[in-house]
Amino acid sequence: MYPFDVSKLSRHDYVKFAMQMKPYLKPRMSGVNRLDIFIDGFEDYLDDAGIKGIAIRGFSSDMPEDEAKEKIREQLDKDIPIPFLVLNHNNRDFKDYHWHWFILA
């Protein structure tokens, strides 16, 4: 999915990749603040890059803990990375807490 040399990560290549991803995950007035925006953009990138065979399903921090643990274990047991989108909560009472949204690939 990353079109540059993963064994030699560099700032230069990362910036080039970020610019390639920008059309797919372009910030809105409120940022990329929902999981569906992230998933839709990432799926569009995969399609345009010709990457097939990856199914993306999202789950949020409100998933029951046991179910979340099982999904994470399944991913790790298959050596599949667990990308995630970290969102700030809109309620000021939770200003120090970040919601983690996981993507299953």
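All values below were derived from every heavy atom in this structure, side-chain atoms included, with hydrogens, water molecules and symmetry-related copies excluded.
The distance from the OH atom of Tyr2 to the CE atom of Met21 is 12.0 Å, given to the nearest 0.5 Å. The CG atom of Leu46 sits 9.0 Å away from atom NZ of Lys52, with the distance rounded to the nearest 0.5 Å.
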Tell me which donor-acceptor pairs under 3.5 Å the side chains of residues 6-16 have, and how far apart each pair is, sequence neighbours excluded?
{"unit_1": "Ser7", "atom_1": "OG", "unit_2": "Asp5", "atom_2": "OD1", "d": "2.6"}
{"unit_1": "Ser7", "atom_1": "OG", "unit_2": "Asp5", "atom_2": "OD2", "d": "3.4"}
{"unit_1": "Ser10", "atom_1": "OG", "unit_2": "Asp13", "atom_2": "N", "d": "3.1"}

List the atom pairs, with distances to 0.1 Å, where a side-chain N or O of residues 36-45 and a protein N or O form a donor-acceptor pair under 3.5 Å, not counting sequence neighbours.
{"unit_1": "Asp36", "atom_1": "OD1", "unit_2": "Arg34", "atom_2": "NE", "d": "2.9"}
{"unit_1": "Asp36", "atom_1": "OD2", "unit_2": "Arg34", "atom_2": "NH2", "d": "2.9"}
{"unit_1": "Tyr45", "atom_1": "OH", "unit_2": "Met1", "atom_2": "O", "d": "2.5"}

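With respect to the salt-bridge test (charged N to carboxylate O, under 4.0 angstrom), the residues Lys69 and Glu65 qualify.
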